**Q** 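Below is the structure I would like to discuss, written out as structure tokens.
Predicted model, so just to flag it, every value in this text is computed and none were measured.
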Amino acid sequence: MVRIDFEKYARGQRIRWWAMRFAVYGLLVIWAFVCVFPLFWTVSTSFKTAADVMRGNLIPWFNFSPSWLGWRSLGLSPDTIFQISTVRDEFMRRLWNSVIISVTASALAVVLGSLAAYGLSRFSYKFGHMRNSDISFFFLSQLIMPPVVLALPFLVLYKELALLDTYVGMIAVYTLMVLPIVVWIMRDQFATVPVELEEAALVDGLSVWGAFARIIVPLVLPGMVAAFLLALILCWNEYFFAALLTSTNTNTLPVMIASQTGSQGINWWSMAALSTAGILPLVIVGVVLEKHIIAGMTAGAVK
């Protein structure tokens, strides 16, 4: 008769369970470090002197004493914030340009993308040999194309239409840039809403647009907020088209950050201070919209 040592078996199970927990949390800690370290380096570098940057000192108050050198060069340090500063004025102008272009392009992409996604999730289309799934993949495939391929066509087109260095031109190209990902996200969001809800609304006397605005939009609002935030991040950080299609009037913050070079090399402290100041608005927006983002992610996970 075979005897089973249940105590030994249970002990082995506990060891495997703890080993798996340590492995999973160890990988999560490593991944968190990989994600957080660039932010830590950027913020800490904005408080370093040139010597600290060259030595590679990392830990404040241990390897180096924090300094306002980077922020002072931008006129944003406590001792210069109330003084006249042309650099600070230029920074605020670039920041305002980024806000106008990014927010407008993201909102426009969410509106147009939501309408396109709703149509793809509720109606059947035929365009040549393409069906709904092919059209959806066509939208997503636009993200595969390298932006440099579109550089010359956009430059020539914008020159002919007098759209170079204008808000309209930048908003249009940014909207086109983020529209595919918005369509893809919102199509999945609309697919989670039962068609019976719209049919009941139509029976109650609502039009198609009425059912969409009063029934469907409130249900997918968290997904729309998440799509808006993702589009906002992509637009806010975009550099290529901003450097290509603008010169003086509509330059955005990434162009100013990339221009922090001097005769002696890159001014890392100024670049880090600008990057930190550019990250803060997105952090604030993310914190404010956190509830909607989590709800949108949860809806996608449930689907």
**Q** Side-chain contact, heavy-atom cut-off 4.5 Å: Trp268 with Met271?
**A** yes
**Q** Which pair of non-hydrogen atoms, one from Leu219 and one from Pro222, has the smallest distance, and what is that distance?
**A** O-CD, 3.8 Å
**Q** Report yes if some heavy atom in the side chain of Val182 is under 4.5 Å from a heavy atom in the side chain of Leu112; otherwise report no.
**A** no
**Q** Does a side-chain heavy-atom distance below 4.5 Å link Val193 with Arg122?
**A** yes
**Q** To the nearest 0.5 Å, what is the distance between CD (Gln83) and CZ (Arg88)?
**A** 8.0 Å
**Q** Between Thr252 and Thr246, is a side-chain contact (heavy atoms from CB on, under 4.5 Å) present by the stated rule, with each step listed?
**A** CA-CA 9 Å; Thr252 56; Thr246 65; over 6 Å; no
**Q** Would Arg187 pass as a cation-pi partner of Trp184, given that its NZ or CZ must be under 6.0 Å from the six-membered ring centre and within 45 degrees of the axis?
**A** yes
**Q** Could you grab the distance from atom CG of Asn251 to atom CZ of Arg93, nearest 0.5 Å is fine?
**A** 6.5 Å
**Q** If only atom types and distance count, is the side chain of Thr192 paired as donor or acceptor with the main-chain N or O of Gln189 below 3.5 Å?
**A** yes
**Q** For a side-chain hydrogen bond (donor to acceptor under 3.5 Å, both in side chains) check, start with the C-alpha distance between Thr42 and Thr45, then their side-chain angles and the critical distance, and finish with the verdict.
**A** CA-CA 5 Å; Thr42 300; Thr45 302; over 6 Å; no
**Q** Working to the nearest 0.5 angstrom, can you tell me the gap between Leu157 CG and Leu150 CG?
**A** 11.0 Å
**Q** Which class fits the ring pair Phe22 and Trp18: parallel under 30°, tilted 30 to 60°, perpendicular over 60°?
**A** tilted
**Q** Can you find a heavy atom in the side chain of Met256 that is under 4.5 Å from one in the side chain of Glu90?
**A** yes
**Q** Passes ring pair (Phe, Tyr, Trp, His ring centres under 6.0 Å), Phe154 versus Phe241? Steps please.
**A** CA-CA 9 Å; Phe154 265 108; Phe241 287 114; 5.6 Å; yes
**Q** Using the side-chain hydrogen bond (donor to acceptor under 3.5 Å, both in side chains) rule, take Ser247 and Asp165 through it: C-alpha gap first, then chi angles, then the decisive distance, then the call.
**A** CA-CA 6 Å; Ser247 56; Asp165 201 22; 2.9 Å; yes
**Q** Where is the tightest heavy-atom contact between Leu244 and Leu155, given as atom of each residue plus distance?
**A** O-CD1, 4.0 Å
**Q** Are any non-hydrogen side-chain atoms of Cys235 and Val178 less than 4.5 angstrom apart?
**A** yes
**Q** Which class fits the ring pair Phe47 and Trp71: parallel under 30°, tilted 30 to 60°, perpendicular over 60°?
**A** tilted
**Q** Rounded at 0.5 Å granularity, tell me how far OG in Ser114 sits from CD1 in Ile216.
**A** 12.0 Å
**Q** What distance separates Ile171 CD1 from Ile100 CD1, expressed to the nearest 0.5 Å?
**A** 8.0 Å
**Q** For Val43, does its backbone N or O pair with a side-chain atom of Ser46 as donor and acceptor, under 3.5 Å?
**A** yes
**Q** Does the side chain of Tyr118 come within less than 4.5 Å of Met186's, by heavy atoms?
**A** no
**Q** For residues Leu74 and Ala273, report the shortest heavy-atom separation together with the two atoms involved.
**A** CD1-CB, 3.7 Å
**Q** Mind checking whether Pro281 and Trp236 have side chains closer than 4.5 Å, heavy atoms only?
**A** yes
**Q** Dump the intermediate steps for side-chain hydrogen bond (donor to acceptor under 3.5 Å, both in side chains) on Asp89 and Thr86, then the final yes or no.
**A** CA-CA 5 Å; Asp89 293 340; Thr86 56; over 6 Å; no
**Q** Atom CD1 in Ile81, atom CH2 in Trp68: separation rounded to 0.5 Å?
**A** 9.5 Å
**Q** Quick check: closest heavy atoms across Leu179 and Ala109, and the distance to 0.1 Å?
**A** CD1-O, 3.5 Å
**Q** If you apply the rule side-chain hydrogen bond (donor to acceptor under 3.5 Å, both in side chains), what do you find for Asn249 with Tyr167, and how did you get there?
**A** CA-CA 9 Å; Asn249 296 325; Tyr167 286 116; over 6 Å; no
**Q** Would a 4.5 Å heavy-atom cut-off, applied to side chains only, mark Ile181 and Leu234 as touching?
**A** yes
**Q** State, to 0.1 Å, how close Phe190 and Ser121 come at their nearest heavy-atom pair, and which atoms those are.
**A** CB-OG, 3.3 Å
**Q** Given 3.5 Å as the limit, does a donor-acceptor pair link the side chain of Ser106 with the main chain of Val103, or not?
**A** no
**Q** Sub-3.5 Å donor-acceptor pair from the side chain of Ser65 to the main-chain atoms of Trp61, do we have one?
**A** no
